[in-house]
Amino acid sequence: MTPLSRRHILELPTFALMGEAPAPAARAFAVAEPDRWVKTVCRYCGTGCGVYVGVKGNTVTAVKGDERNHNAGFVCIKGAMLPQILTSPSRLTHPLIRRGGKLVRASWEEAMALVAARFQETIERHGPEAVAFYGSGQALTEETWVANKLMKAGIRSNNIDGNPRLCMASAAGGYISSFGKDEPMGCYEDIDHADVYFLVGSNAAEAHPILYQRMLRRKERAPDTKLIVVDPRRTRTMQYADLTLLPKPGMDLSIVNAMAHVIFKEGLADLEFLRQHVTYGAGAEANKTIEDYRTFLEAYTPQRAAADSGCRVEDIVQAARWFGERGRATMSMWTMGVNQRIQGVWLNNILNNLHLITGKIGLPGSTPFSLTGQPNACGGVRDGGALSHLLPYGRLVANEQHRRQMEELWGVSAGTINPKPGPSAVELFQAVESGTIKAVYVMTTNPGHSLPNASRYRKAMASEDCFLVVAEAYHPTRTSELADVVLPAALWVEKEGVYGCTERRYQLLEKAIQPPGEARPDFDILCDLARRLGHGKLIPYKTPAEAWEDILKASKGTAYDFSGMTRERLRAAHGLLWPLPEGNHPGTKRRYVRGDDPLVGASHAQRVRFYGRSDNKAVVWLRDQKPPAEVTDADYPMSLTTGRVLEHWHTATMTGSVPALRPLNLEAVAELHPADLKRLNLKDGDRIRLVSRRGKLTLVARETENAREGSVFVHMHDPERLVNVLTIDALDPGSKEPEFKIAAVRIEKE
Ligand code: SF4
């Protein structure tokens, strides 16, 4: 395919690229007239935009947005460049094996025989907990299902976790502790009905541009729609905000609690909704009352929150009034700025609290709604139960009844599944470091780039004591360079399977072309490995569609029931939202809501039933503000935060390989406030060294008023300048998600 020039890019009417809004995003892009169009889903983010790829021969030559999908035919700049991810020169087309310290070409038979032998030998000598699988929210649901089944029912190890632990685990923990089950209850369509958007820790203009554009379209139609943005950094998302709050890093729980304080004080709470649908605290913190909650909130005056956060009292009060105003619909949205924190679950809980205390939940435009980073973190890993403590579709490893159900569904004897949850992502690599885990299979992800405190875990992965297998579409990546075996994987439309995005929307990706060279779908590679490890009977699938039949059965009768989502229906539809039980149910826009959710029942006495919990009630939690894991001090006086930019995605293995995107913002720079530069006797363009307790990184300083004074922002995409050598591997105790967003650093001139 002809490389795109910068002129092509600039001609694209993509609002976010041009820095102008609310002009439309791109609808189609082609470099050659295709012979046929194939319906699929964007490979990148959790927005899950529907696209068609245009195919000529065995080449994808065009892409266009699916007008009948939620994105109404629009795609962002990354989506518009999708065809080029397939033809990158860094696509891996044959297996590699490390020999004499170097990765050299090998046959599939050599590579798979080696992987199987090393895994088998490790299991025999050290037990099933000496091997591990590290998966991804980018793998297809059927691939993740096979890996999960192989590990938990075949190898009998719960050492399976994945990169959703690094991004969405706190949102999942928040939903589960507030509502009993994971996943949002609202939908994208709520954006069209909201009168107030409350965005916390989300730079949606860059990380979820199609959803941000939908908000702006609503604001255009209904100019009184308010956009409130809370973020320690001034972002593009604030460009159209009606109210911005820039708290000190990590101090936003005080703001949210203070908003609840104001909501009660000004009579904006929906006391009848609270009486019917809410309980206060649960588990070890059960038996609290509304009086306890109101007493707890007494301490969170707007003045206290202003002192904690550095924001203005009147802004906190205004945010509460707009949020709580009766008769107006409020939609909260958040992402990594909330989740990647040691208080991530707690902040999720109190965002959910705001909706519960105002009754602004389960109504058009009123919902708490976390935005997901990866295209199949929800569908494949969270729903599919492919984390170390989970089993599929709301079941838990630690729950005996759940284990028995899955043992029956998987056709293995009772007692097969180990009752002890395995390690979370960071803990898994700590076990590699300590030598407890000796062999790891990494699929469709790049932990050598994306783990916090990266040097520590890169060293563990590179150790001779760790046998590292990486199944990847590209080489080298910051993980494949450390591997003992690299397996070439098919990518995106070179294979078939299901993705599930932010709003419980499941979609089928159709296979459009053959993979390059000897690359194979991960599904085939995993089935091959299962056979070689003696688990061919457990993993008998010849196609992903066969696995999907088992997946439907596992969802049936659960709070995630999508047993009516047959392959045929997925193929015909432009996305289906669960719950969607067997039969002709159209799918559920608003979960837990009478008349919409089939699991509630049309004749239910109340308008919502939070059936995720046995008492059918949601939980309001009393959650205090605590300091971040690492506070600034005399040695490390600046606060580091990390994030994304519009043109790149995650570890940039895909966007960094697109010639038109590569020159745009891939090089990480240190964004600093002018006052900090002046104080440090630096200027824009100087080379500086950021130093944390864990590592050092040399970058160019970039002066910008967008930076918060005392803070430095560095994006996470650049594979040559790994900001994660600086970040901290402190974990949220509830979700085990690391605090990527806050670390203490000092700045030295090079
Ligand atoms: S918003 Fe996300 S899913 Fe949609 S086109 Fe852009 S990258 Fe793809």
Side-chain angles (χ1 to χ4, degrees), residues 78 88 90 163 166-167 203 206-207 233 235 249 336 340 373 445-459 461-462 472 474-482 630 636 638-673 676-677 680 682-704 706-707 711-729 738-750:
K78 294 185 288 294
S88 161
S90 55
N163 61 19
L166 307 183
C167 57
N203 182 12
E206 300 200 55
R233 188 170 67 104
T235 66
M336 302 315 150
Q340 292 177 332
T445 186
N446 196 359
H449 181 136
S450 58
L451 285 168
N453 194 2
S455 301
R456 176 179 176 187
Y457 302 112
R458 287 177 56 77
K459 189 170 165 210
M461 279 183 261
E472 240 305 344
Y474 302 93
H475 177 73
T477 71
R478 297 309 307 265
T479 308
S480 74
E481 68 185 3
L482 308 174
E630 191 172 63
Y636 300 93
M638 300 281 290
S639 185
L640 169 74
T641 190
T642 66
R644 289 134 224 273
V645 299
L646 171 72
E647 299 88 347
H648 293 285
W649 197 74
H650 281 205
T651 61
T653 51
M654 291 184 286
T655 51
S657 74
V658 174
L661 295 179
R662 192 171 173 79
L664 305 178
N665 272 333
L666 182 56
E667 180 182 339
V669 294
E671 294 187 10
L672 286 156
H673 191 274
D676 285 322
L677 283 175
L680 294 162
L682 294 166
K683 60 182 185 317
D684 184 78
D686 279 352
R687 285 178 71 76
I688 59 169
R689 196 163 43 239
L690 296 185
V691 184
S692 80
R693 288 183 176 83
R694 294 154 293 282
K696 299 176 183 175
L697 182 64
T698 298
L699 297 168
V700 168
R702 175 66 30 81
E703 178 175 342
T704 170
N706 292 341
S711 292
V712 51
F713 171 80
V714 182
H715 77 60
M716 54 85 68
H717 308 292
D718 188 347
E720 289 169 29
R721 298 162 195 83
L722 287 184
V723 71
N724 279 327
V725 302
L726 305 172
T727 51
I728 189 167
D729 45 359
E739 187 153 78
F740 286 100
K741 290 295 177 189
I742 308 167
V745 293
R746 69 168 173 267
I747 293 177
E748 298 170 353
K749 191 161 183 184
E750 270 273 287

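Computed from a predicted model, the values in this text were never measured in an experiment.
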Ile747 and Leu682: CA distance, side-chain angles, deciding distance, side-chain contact (heavy atoms from CB on, under 4.5 Å) verdict | CA-CA 10 Å; Ile747 293 177; Leu682 294 166; 3.9 Å; yes
Derivation of the side-chain contact (heavy atoms from CB on, under 4.5 Å) call for His715 and His648 = CA-CA 10 Å; His715 77 60; His648 293 285; 5.8 Å; no
How far apart are the C-alpha atoms of Glu667 and Asp718, what are their side-chain angles, what is the distance that settles it, and do they pass the side-chain contact (heavy atoms from CB on, under 4.5 Å) test?
-> CA-CA 6 Å; Glu667 180 182 339; Asp718 188 347; 4.1 Å; yes
Run the numbers on Arg233 and Asn203 for side-chain contact (heavy atoms from CB on, under 4.5 Å), then give the verdict.
-> CA-CA 9 Å; Arg233 188 170 67 104; Asn203 182 12; 3.6 Å; yes
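For Tyr474 against Ser480, the heavy-atom pair with the smallest separation is O-OG, 4.3 Å. Annotation for Met638 and Asp676: closest pair CE-OD2, 3.8 Å, computed over non-hydrogen atoms. Closest heavy-atom contact between Ala744 and Ser692: O-CB, 3.6 Å. Between Ala668 and Val714, the shortest heavy-atom distance links the atoms CB-CG1, 3.8 Å. Ser450 and Thr651 get closest at one heavy-atom pair: CB-CG2, 4.1 Å.
One finds the OH atom of Tyr457 at 11.5 Å from the CG atom of Asn724 (value rounded to the nearest 0.5 Å). Rounded to the nearest 0.5 Å, atoms CG (Leu166) and CE (Met336) are 9.5 Å apart. Here Glu630 contributes atom CD and Ile728 contributes atom CD1; the two are 4.0 Å apart, rounded to the nearest 0.5 Å. With rounding to the nearest 0.5 angstrom, the CD1 atom of Ile688 is 8.0 Å from the CG atom of Leu680. To the nearest 0.5 Å, atom CG of residue Leu726 and atom OG1 of residue Thr642 are 10.0 Å apart. Within the model, atoms OG1 of Thr479 and CE of Met461 stand 5.5 Å from one another, a figure rounded to the nearest 0.5 Å.
Side-chain contact between Glu647 and Thr655 is absent, with no heavy atoms from C-beta onward closer than 4.5 Å. The closest side-chain heavy-atom distance from Thr641 to Ile742 is not below 4.5 Å. With contacts defined as side-chain heavy-atom distances shorter than 4.5 Å, the pair His650/Asn163 does not qualify.
With Thr704 contributing its side chain and Glu671 its backbone, the two residues share no donor-acceptor pair below 3.5 Å. With hydrogens and angles ignored, the 3.5 Å screen pairs a side-chain donor or acceptor of His717 with a backbone N or O of Val645. With hydrogens and angles disregarded, no donor-acceptor distance shorter than 3.5 Å links the side chain of Lys683 to the backbone of Leu677. Looking only at distances, a side-chain donor or acceptor of Arg694 sits under 3.5 Å from a matching main-chain atom of Thr727. The closest donor-acceptor contact from the side chain of Arg662 to the backbone of Ser657 lies at 3.5 Å or more, if one exists at all. Panel note: side chain Asp684, backbone Glu703; a donor-acceptor pair is recorded below 3.5 Å. Counting only distance, with no hydrogens or angles, the side chain of Arg478 and the backbone of Pro719 share a donor-acceptor pair below 3.5 Å.
Shown are Asp686, Val723, Leu690; of these, the side chain to side chain contact (heavy atoms under 4.5 Å, CB included) with Leu699 is made only by Leu690.
Sorted by first and then second residue, the pairs that involve residues 741-750 and meet side chain to side chain donor-acceptor pair (under 3.5 Å), not counting sequence neighbours, are Arg689-Glu748, Arg689-Glu750, Thr698-Glu750, Arg746-Glu748. Under the salt bridge (Lys or Arg N to Asp or Glu O under 4.0 Å) criterion, the residue pairs touching residues 449-458 are Glu433-Arg456, Arg456-Asp729, Arg458-Glu481, with sequence neighbours excluded.
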